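Scroll down for the structure; my scribbles are underneath it.
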Amino acid sequence: MITKELTFDELAALMKQSAGVTVDPQQLAQNPENHFGSLGVDSLGLLGIVGELENRYSVSLPNDAERCKTPAEFVVLVNDVLKAGR
């Protein structure tokens with residue numbers, strides 16, 4: 001079974017694509033506890049990222065996924081769903 005995993009590199013690319021926010025992937029990985037708001041990503045931008053991931057991986061993320069406060073929290077949530085194959 002092949003399991004995909006959301007990386008900070010991919011999240012940074014999605015932040016640029018879906019929320020219009022450019023973040024250095026290495027800085028994102030080094031400081032994953034920074035709040036999305038301090039990075040310039042609001043709940044609407046995160047909702048766009050959620051939608052893109054659901055389409056890309058054909059999974060349903062929890063209804064409150066866009067309420068994650070930090071990239072670390074979001075990556076764990078997404079990867080848990082991907083591992084479970086939901």
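Every value quoted in this text rests on a predicted model; they were computed, and no experiment measured them.
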Quiz item: For Leu14 and Leu6, what are the C-alpha separation, side-chain angles and deciding distance, and is it a side-chain contact (heavy atoms from CB on, under 4.5 Å)?
Solution: CA-CA 10 Å; Leu14 287 166; Leu6 178 65; 4.2 Å; yes

Quiz item: To the nearest 0.5 Å, what is the distance between CD (Glu33) and NZ (Lys69)?
Solution: 13.5 Å

Quiz item: Got a second to check how far Thr22's OG1 is from Gln17's CD, nearest 0.5 Å?
Solution: 12.0 Å

Self-check item: Validation row: Ile49, Phe36 side chains within 4.5 angstrom (heavy atoms)
Solution: no

Quiz prompt | Salt bridge present between Glu10 and Arg56 (N-O < 4.0 angstrom) | solution = yes

Quiz item: Linking I/L/V/M/F/W/Y whenever any side-chain heavy atoms sit under 4.5 Å apart, do Tyr57 and Met15 land together?
Solution: yes

Quiz prompt | Same apolar cluster: Leu46 and Leu82, side chain cutoff 4.5 Å | solution = yes

Quiz item: Is Leu47 reachable from Val41 through a run of I, L, V, M, F, W or Y residues, each pair having side-chain heavy atoms under 4.5 Å apart?
Solution: no

Quiz item: Does the side chain of Leu53 reach to within under 4.5 Å of the side chain of Val81, using non-hydrogen atoms?
Solution: no

Exercise. Tell me, yes or no, whether the heavy-atom count around Asp64 atom CG, taken from other residues, nucleotides or ligands under 6.0 Å, exceeds 12.
Key: yes

Self-check item: Spatial distance of atom CD (Glu73) from atom CZ (Arg67) [nearest 0.5 Å]
Solution: 12.0 Å

Self-check item: Asn34 versus Pro71, closest heavy-atom pair with distance
Solution: O-CD, 2.9 Å

Quiz prompt | Passing option when Phe8 is tested against Asp24, Val23, Val75 for side-chain contact (heavy atoms from CB on, under 4.5 Å) | solution = Val75

Self-check item: Heavy-atom pair with the smallest gap, counting every atom of Val50 and Glu66
Solution: CG2-N, 4.2 Å

Exercise. Inspect the surroundings of CD in Gln26 and state if more than 12 heavy atoms from other residues, nucleotides or ligands are less than 6.0 Å away.
Key: no

Quiz prompt | Atom pair CG/CG of Leu44 and Asp42 - distance to nearest 0.5 Å | solution = 5.5 Å

